[in-house]
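Below you'll find the structure, written out as structure tokens, and then a few comments.
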Amino acid sequence: LLVDGLLQENTLRESAKQEAVMSDLNTLVEEGHKVLVYSQFTSMLNLISSEVKERQWKYVRLDGKTSDREAVVRQFQENQETSIFLLSLKAGGVGLNLTAADYVFLFEPWWNNAAENQAIDRAHRIGRKNSVIAKRYIIIESIEEKMMLLKESKRSLIDDVVEQEENASSMTAEDFSLLLS
């Protein structure tokens with residue numbers, strides 16, 4: 001669905017991941033929660049926003065084409081009816097405080113853990129008393145799952161280096177190669 005021009009008009013367009021997101025959004029909207037939905041692809045945000053519009057849910061969107069970032073943020077933060085905020089990873093940038101959100105959805109994994117953490121942290125700022133629930137949508141037996149496993153392996157390896165700095169000789173050349181790749 002993300003590749004323009006390769007699908008015919010009559011092609012069945014179903015996505016288990018997108019269905020899961022929409023189901024979760026339905027529950028949260030019904031319960032009166034606010035949620036941030038991140039994707040690194042604006043074309044994915046287009047697909048999600050189409051379904052959100054069909055359901056007549058009130059939402060705002062922030063991507064590279066958004067001209068008045070402050071107005072969009074203010075609407076999400078202050079308007080109780082605006083329960084969904086669709087954001088592209090790059091347009092989110094720094095300095096956004098989105099503490100009205102109770103949930104953060106990451107539609108696909110990102111190579112950069114710091115970017116994921118920053119996205120989640122926008123909802124969990126100083127002074128917030130309630131918990132923020134973050135959810136990553138990962139398809140099993142896919143590149144996404146392999147990517148997450150590789151990131152976890154690298155994180156574990158880094159933790160071992162930091163914790164056992166004096167015993168770095170126990171690491172193999174293959175471990176160092178993985179760490180630097």
With the side chain counted from C-beta on, respond yes when [X] and [Y] share a heavy-atom pair under 4.5 Å apart, and no when they do not.
X	Y	value
Leu98	Leu87	yes
Gln80	Lys58	no
Tyr103	Ile84	no
Arg122	Asn97	no
Leu25	Met22	yes

If you measure from [atom1] on [X] to [atom2] on [Y], what distance do you get to the nearest 0.5 Å?
X	Y	atom1	atom2	answer
Leu96	Leu62	CG	CG	6.5 Å
Lys146	Ser153	NZ	OG	14.5 Å
Ile48	Arg61	CD1	CZ	9.0 Å
Asn26	Glu31	CG	CD	10.0 Å
Leu86	Thr66	CG	OG1	10.5 Å
Ile138	Leu149	CD1	CG	9.5 Å

Would you find a donor on one side and an acceptor on the other, under 3.5 Å apart, between the side chain of [X] and the backbone of [Y]?
X	Y	result
Glu145	Glu141	yes
Ser49	Leu45	yes
Lys135	Leu106	no
Ser23	Glu19	no
Gln40	Pro109	yes
Asp63	Lys65	yes

Grab the two heavy atoms, one from Met147 and one from Trp110, that are nearest each other, plus how far apart they are.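 Minimum heavy-atom contact is CE-C, 3.2 Å.
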For a quick test of reading the model, state the closest non-hydrogen atom pair linking Gly64 to Ser88 and the distance between them.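 For Gly64 versus Ser88, the nearest heavy atoms are N-OG, 4.3 Å.
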Pair Val132, Asp121 - check side chain to side chain contact (heavy atoms under 4.5 Å, CB included), show working. CA-CA 9 Å; Val132 174; Asp121 288 346; over 6 Å; no
Check step by step if side chain to side chain contact (heavy atoms under 4.5 Å, CB included) holds for Val35 and Asp102. CA-CA 6 Å; Val35 60; Asp102 302 310; over 6 Å; no
Ring pair (Phe, Tyr, Trp, His ring centres under 6.0 Å): pairs with one or both residues in residues 53-77, sequence neighbours excluded: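 Passing the test, one end in residues 53-77: Phe76-Phe85.
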Residues two or more places apart in sequence or in another chain: which of them pass side chain to side chain contact (heavy atoms under 4.5 Å, CB included) with Ile139?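 Here the qualifying residues are Lys17, Ser142, Glu144.
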Start with the C-alpha gap between Arg136 and Tyr38, add the side-chain angles, then the distance that decides, and say whether side chain to side chain donor-acceptor pair (under 3.5 Å) holds. CA-CA 10 Å; Arg136 290 175 177 88; Tyr38 285 97; over 6 Å; no
Just by distance, with hydrogens left out, do Glu108 and Ser39 show a side-chain donor and acceptor under 3.5 Å apart?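 There is such a pair between these side chains.
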Assess whether a salt bridge exists between Glu81 and Lys34, defined as any Lys/Arg side-chain N lying under 4.0 Å from an Asp/Glu carboxylate O.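 Salt bridge flag = no for Lys34 with Glu81.
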Identify whether Tyr137 and Phe41 are in the same connected component of the hydrophobic contact network (ILVMFWY, side-chain heavy atoms under 4.5 Å).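 Yes, because Tyr137 and Phe41 connect within a single hydrophobic cluster, where side-chain heavy atoms sit under 4.5 Å apart.
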